[in-house]
Every structure is written in C-alpha cells, then in structure tokens.
There are 2 protein chains.
Amino acid sequence: MCQTVDMNDDARTPAEEVGVLLKEAQSLLHQRMDERLRPLGLSVPQYACLQALRDSPGITGSELARRVFVSRQSMNVLLQGLAGRGLVERSEQPGPRRERATVLTSAAAGLLDEARGAVAGVAGTMTDGLPADDVARLRALLAACRDALAGAPSTADGRP
Amino acid sequence: MCQTVDMNDDARTPAEEVGVLLKEAQSLLHQRMDERLRPLGLSVPQYACLQALRDSPGITGSELARRVFVSRQSMNVLLQGLAGRGLVERSEQPGPRRERATVLTSAAAGLLDEARGAVAGVAGTMTDGLPADDVARLRALLAACRDALAGAPSTADGRP
DNA sequence: CAGCATGTGTCAACATGCTGACACTGGACA
DNA sequence: TGTCCAGTGTCAGCATGTTGACACATGCTG
C-alpha cells in the first residue's frame with residue numbers, strides 16, 4: 001500500500017487526476033439531479049432514500065442510512081419528512097431488535113417513477129456521448145475503484 | 001443520444017449505474033482522504049483550497065469558490081480559518097474590482113506537500129489494482145462525463 | 001443466570017454549507 | 001456624462017448533516 005509518490009514537481013499523479021475528475025463529475029451530476037428533482041419536491045438524498053426503499057422494501061433506518069451514505073440521525077429526520085408527506089410508512093410496533101421497518105406508500109410509487117425518469121435523463125446526458133461498450137467499461141472501472149477504497153473484495157457484485 | 005428510458009421494471013439503465021458508482025466511489029474517496037488529512041489539521045475542502053492556490057497563486061476568493069465547488073461565503077470563512085493559522089495571506093488593499101488576491105505562505109508549502117503525499121497515497125490505493133492504460137482510460141471517460149454535464153444546459157428529459 | 005457486545009432509535013449540541021441581502025467597484029452603453 | 005450591470009466581499013438567517021450520548025432490545029458467553 002506504500003507508494004512513494006514523487007511530490008517534487010507540479011505534476012499530479014494519474015491517480016490524483018482520477019480523484020479530481022471523480023469529484024468534479026459527481027458534483028456536477030449532483031447539481032443537475034438537484035435541478036431536476038427539486039420541481040418534484042425531492043432532494044437528492046430523499047430520492048436516494050426512496051430508491052433504496054424501492055429496491056429493498058421493509059428495510060431498517062440504519063441500513064438505509066448506510067446505503068445513502070448519511071448518518072442514522074440524518075436518515076431519521078429525512079424519513080420523518082417523507083412520512084409527514086405520506087410517501088413512506090414506518091411500522092409503529094418495533095421488530096425483533098427494536099427495528100422499525102419502512103416501506104413506500106402507493107403515493108410514493110408514482111412520484112418515484114417520475115423522479116426516476118428525470119434522473120435517468122440526467123444520467124443519460126452524462127453518457128450519451130460515449131459508445132455503449134465505453135459505458136460498460138467505465139462502470140467496471142468505477143466498481144473496481146469503489147471496491148479498492150472500501151477494502152472489501154465483495155467480488156464486484158455482478159449485476160448485469 | 002437515444003434514451004427512451006424504460007421505467008417499467010426494476011432494471012436501472014447503465015447510465016444510472018454509472019451515476020450510483022460515481023457517488024459511491026467519490027464518497028469513499030472523500031472519507032479516506034478525510035481520515036488521512038485530519039491528522040494534519042486539514043479538512044478536504046481546506047486541502048482542495050490550498051491545492052488550487054498552489055496551482056494558481058493570487059487567485060480571487062470567488063474563483064477559488066468555483067473551483068472547490070462551494071459558495072463564495074463558505075470559501076470566505078474557510079479562508080479566514082486558513083489565514084488565522086498563517087497558511088494563506090490575503091492582500092489587504094483590494095485590487096481592480098475590490099478583489100483580494102490570496103497566496104500561500106511558506107508555512108503552507110511544507111504542510112501542503114505532506115498533505116499531497118497523503119492524498120496521493122489514498123488515490124493510489126484506489127487505482128493500484130488497475131493497469132496504467134485502464135487508469136488513463138478511466139481518466140478520459142470521467143473527463144468526457146464531466147464535460148457532458150457541464151456543457152449540456154438541460155435537454156435530457158425526452159427528445160424535444 | 002448475569003454480563004456484555006451489537007444493533008437500533010432518538011435527543012441535544014455543534015459544525016458546515018447555502019440562500020438572501022447589502023455595499024462597493026469598475027466597465028459597458030446609450 | 002450618466003446610468004446600468006456584472007463581479008466581488010461581507011453579514012445575517014436558515015437548512016442540513018454530524019458527533020456524542022443515552023435508552024432499549026437481542027443474542028452470545030462466561
């Protein structure tokens with residue numbers, strides 16, 4: 001893990017450049033998503049939360065927080081907001097480990113479909129200039145970077 | 001340029017998957033950088049600010065804010081903190097357009113070199129598992145995504 | 001059985017970033 | 001020349017996220 005990088009000149013290492021590009025691309029993507037989602041009354045974390053709940057209904061708040069990359073407390077207030085708008089429903093009687101299972105309501109399904117369309121459009125503008133095999137390659141490379149940073153081998157979760 | 005996205009099933013489009021991977025990788029990279037930078041007394045935005053000042057000395061605070069992807073106000077308080085620690089110096093007499101040129105101090109140079117080494121190490125762990133040409137390809141693909149998101153005004157919803 | 005580690009939900013205090021607003025400067029344009 | 005507009009720095013208020021702490025439930029271990 002110890003790479004003695006040469007810091008004596010102005011040049012950035014290719015790895016650093018990838019890091020900068022990563023931040024720039026993600027920041028712009030987040031910004032574009034926010035522009036599209038806000039008219040629907042959703043923030044990007046809220047959309048990510050709904051999307052995660054759609055993929056895994058009945059999930060606990062803590063697991064949700066991990067997937068959306070926020071703390072349990074932030075996810076809690078986020079869920080309170082969504083519950084107040086009738087988009088999610090939290091089981092009142094806690095489960096085996098004091099867990100409160102959370103599910104989407106039917107009202108959320110329609111809104112989420114609309115939001116998914118908007119997000120897919122934004123993501124499309126990002127990759128439309130690239131041939132399909134380049135997109136696939138980019139996906140594989142990003143997955144490799146993520147796994148390397150997570151430290152977990154995780155066998156690159158094959159999801160074709 | 002054809003993204004008539006099919007939202008009727010659970011599948012995500014390849015573009016969406018790239019977006020999710022982008023967020024996951026960037027979030028993990030930010031986390032790892034923070035772990036390395038905090039012992040040096042720097043946050044990630046502070047490091048990015050110093051790095052930008054190293055690349056372009058005498059830059060204005062607003063331009064700095066744009067490069068670091070924060071607002072002018074946030075950059076202002078960030079610069080106040082750095083100035084209080086003697087890492088940057090802001091010209092007291094404003095320039096042509098009330099601008100206050102900001103430069104690094106000699107004390108910052110040493111700290112920044114150390115921080116750059118740490119960041120380069122983190123970035124290295126991200127790309128060490130990839131061959132050099134894959135890193136170059138990843139860089140080119142990310143740059144293409146960034147440019148597409150930065151240049152595209154907003155015509156992604158459907159085909160107008 | 002008692003004790004303890006783990007996982008979860010929640011509350012309070014704190015930090016950070018952003019939006020809105022204002023003052024000031026310099027250049028463009030009628 | 002006078003006026004408007006873009007760019008910058010700054011202040012106040014608000015929204016959001018995080019850390020730290022506590023209570024509760026479950027399962028493992030002595």
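Here is the naming used below: chain letters follow the sequence lines, and residue numbers restart at 1 for every chain. Below, each value reflects all heavy atoms present in this structure, side chains not excepted, and no hydrogens, waters or symmetry copies.
Residues of residues 76-86 of chain B that place a heavy atom closer than 4.0 Å to DNA chain D, in numerical order, are N76(B).
Between the C1' atom of dG9(C) and the CD1 atom of I59(A) lies a distance of 16 Å, rounded to the nearest Å. Atom CD in Q31(A) sits about 14 Å away from atom C1' in dT19(C), given to the nearest Å. Following rounding to the nearest Å, H30(B) (NE2) and dT16(C) (C1') show an atom-to-atom distance of 11 Å. For the pair L64(A) CG and dG7(C) P, the computed distance is 17 Å after rounding to whole Å. Separating the CD atom of Q46(B) from the C1' atom of dT16(C) is a distance of 11 Å, rounded to the nearest angstrom. With rounding to whole Å, M75(A) atom CE is found 14 Å from dT18(D) atom C1'.
In this structure, S27(A) contributes its side chain and E24(A) its backbone to no donor-acceptor pair below 3.5 Å. At least one donor-acceptor pair under 3.5 Å links the side chain of T105(A) to the backbone N or O of L87(A).
Looking at the side chain of S74(B), the nearest of the listed nucleotides dG17(D), dC18(C), dT8(D) is dC18(C). Distances from the side chain of R72(B) to the nucleotides dG17(D), dT8(D), dA21(D) place dT8(D) closest. For E99(B), the listed nucleotide lying nearest its side chain is dG9(D); candidates were dG9(C), dC18(C), dG9(D). When the nucleotides dG9(D), dC18(C), dG9(C) are ranked by their closest atom to the side chain of S62(B), dG9(D) comes out on top.
Note that CZ of R66(A) and CZ of R72(A) are 8.5 Å apart. Values are rounded to the nearest 0.5 Å. Here CD of E89(B) is found 10.5 Å from CG of L104(B). Values are rounded to the nearest 0.5 Å.
Counting distance only, with no hydrogens placed and no angle test, the side-chain atoms of Q73(A) and the base atoms of dG20(D) include a donor-acceptor pair under 3.5 Å.
In this structure, R139(A) pairs ionically with E17(B), as a charged nitrogen and a carboxylate oxygen lie closer than 4.0 Å.
At the phosphate of dT10(D), OP1 or OP2 sits under 4.0 Å from a side-chain N or O atom of R90(B). For the OP1/OP2 pair of dG7(D) and a distance below 4.0 Å, the side-chain nitrogens and oxygens of R66(B) include no atom meeting the criterion. Residue T60(B) has a polar side-chain atom (N or O) positioned under 4.0 Å from OP1 or OP2 of dG9(D).
Nucleotide dG30(D) is matched to dC1(C) when pairs are restricted to Watson-Crick or G-U wobble geometry with both distances under 3.5 angstrom.
For the side chain to side chain donor-acceptor pair (under 3.5 Å) with S56(B), the lone residue among E63(B), Q51(B), R67(B) that qualifies is R67(B).
Note on L42(B) and V20(A): separate hydrophobic clusters, where clusters join Ile, Leu, Val, Met, Phe, Trp and Tyr whose side-chain heavy atoms are under 4.5 Å apart, directly or indirectly.
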